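Note that ligands are numbered from 1 as they come in the structure, with each ligand's atoms numbered from 1 the same way. No experiment lies behind these values; they were computed from the predicted model shown.
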Amino acid sequence: MQRYTLTIHGGAGTILKADMTPELERAYAEGLRIALEAGFAVLEEGGTAVNSVKAALVVLEDNILFNAGRGSVFTKKGVQEMDAAIMDGLDLSAGAVSGVRNVRNPIELAAEVMRNSNHVFLSGKGANDFAIKQGIKLEPDEYFFSQFRYDQWKAIRDSDNYSLDHTNQDIEELMRDRKFGTIGAAACDKNGNIAAATSTGGMTNKKYGRIGDSPLIGCGTYANNKTCAISCTGHGEMFIRAVAAYDVSCLMEYKNMSLEEAMNHVVNEKLVSFGGEGGMIGVDAKGNFAMLFNSTGMYRAVKTSEDFQHVAIYN
Ligand code: ASP
């Protein structure tokens with residue numbers, strides 16, 4: 001029987017138990033578990049991998065703890081600009097948006113670009129205008145505000161530094177102690193079709209117009225039934241230079257590596273070789289999964305039709 005699987009992440013980075021309170025740890029685990037259940041229910045009911053990853057991401061975007069949708073980080077200008085992408089491994093259709101503002105669920109907008117536009121990627125005002133035209137839900141600035149992200153931004157807004165989703169420390173420490181709160185999902189459905197999706201607020205104090213790896217097809221997000229569906233999290237600039245998600249697919253397609261072998265090569269060798277901190281999750285069309293990272297932690301969870309469920313944060 002075809003195994004079906006959903007794996008999700010809520011960001012990777014320097015996530016240390018010593019910095020966590022038991023309450024916060026529980027809140028993160030609970031947030032992941034609720035998103036996992038929402039996405040897995042779609043698979044159980046015979047829904048598509050695309051609908052499963054979308055359902056999981058909507059739940060995480062609505063959760064203020066994660067750096068996507070509500071709770072997104074602040075840019076240099078003190079606003080939230082969000083990126084998202086979704087890809088269907090069945091026919092390689094894809095949709096992506098970058099620099100969108102006030103869109104409650106950027107992943108819904110990316111899916112709308114995939115299904116109902118002639119394009120793959122819309123950015124900025126064009127993407128926002130498309131959201132309005134398609135009746136995608138918008139929210140006022142206050143909806144996206146979180147004190148935690150605001151304080152992170154305040155600590156570095158007068159500098160030229162930009163930082164991955166971090167804790168309250170001085171700049172030196174911030175640059176060392178990186179946390180990435182991007183969210184993502186990869187699913188294999190009952191028909192053996194696979195899909196991936198990623199959504200993010202990007203990096204704190206990022207420059208106006210900066211685009212990370214998350215919405216770039218092949219960099220932070222990729223899906224192809226022949227190989228794998230992948231969603232990445234980490235220092236976006238490095239993942240772009242590594243064409244990280246597509247590289248996993250290439251190693252599987254052209255070198256016959258398994259998902260785990262290919263992902264291990266990209267995460268623990270290629271990215272490490274030029275300081276690309278972070279991780280990724282993925283599935284193949286047989287429902288195998290992998291969740292690997294080269295940082296100290298990655299918020300992650302997986303559930304399979306074989307009754308296996310796992311939620312974890314640290315190494
Ligand atoms: N990869 C994201 C970016 O560079 C950040 C993250 O994973 O948290 O925008």
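For G181, the closest heavy-atom approach to ligand 1 falls below 4.0 Å. Not a single heavy atom of G11 sits closer than 4.0 Å to an atom of ligand 1. For R210, the heavy-atom gap to ligand 1 drops under 4.0 angstrom.
Using a 3.5 Å distance cut-off with no hydrogens or angles, the side chains of N193 and D88 do not pair a donor with an acceptor. Residues E260 and N264 have side chains that never bring a donor and an acceptor to within less than 3.5 angstrom of each other.
Of the N or O atoms in E237, none lie within a sub-3.5 Å distance of an N or O in ligand 1. At a 3.5 angstrom cut-off on N or O pairs, T200 does not count as close to ligand 1. For D213, a nitrogen or oxygen atom sits less than 3.5 Å from a nitrogen or oxygen atom of ligand 1, counting backbone and side chain alike. Every N/O-N/O distance between N67 and ligand 1 stays at or above 3.5 Å.
Electrostatic pairing of E44 and K303 does not count as a salt bridge here, judged by no charged N lying under 4.0 Å from a carboxylate O. At a threshold of 4.0 Å, the pair D129-K133 does not count as salt-bridged, since none of the basic side-chain nitrogens sits closer than that to a carboxylate oxygen.
Residue Y254 places its OH atom among 12 or fewer non-hydrogen atoms of other residues, nucleotides or ligands, all under 6.0 Å distant.
Inter-residue side-chain proximity for E253 and K226 is flagged as met; some heavy-atom pair is nearer than 4.5 Å.
The proximity of S214 to ligand 1, defined as any non-hydrogen pair under 4.0 Å, is limited to the side chain. Using a 4.0 Å cut-off between heavy atoms, E277 makes no contact with ligand 1 at all.
Ring planes of F74 and Y150: perpendicular class, angle over 60° (limits at 30 and 60°).
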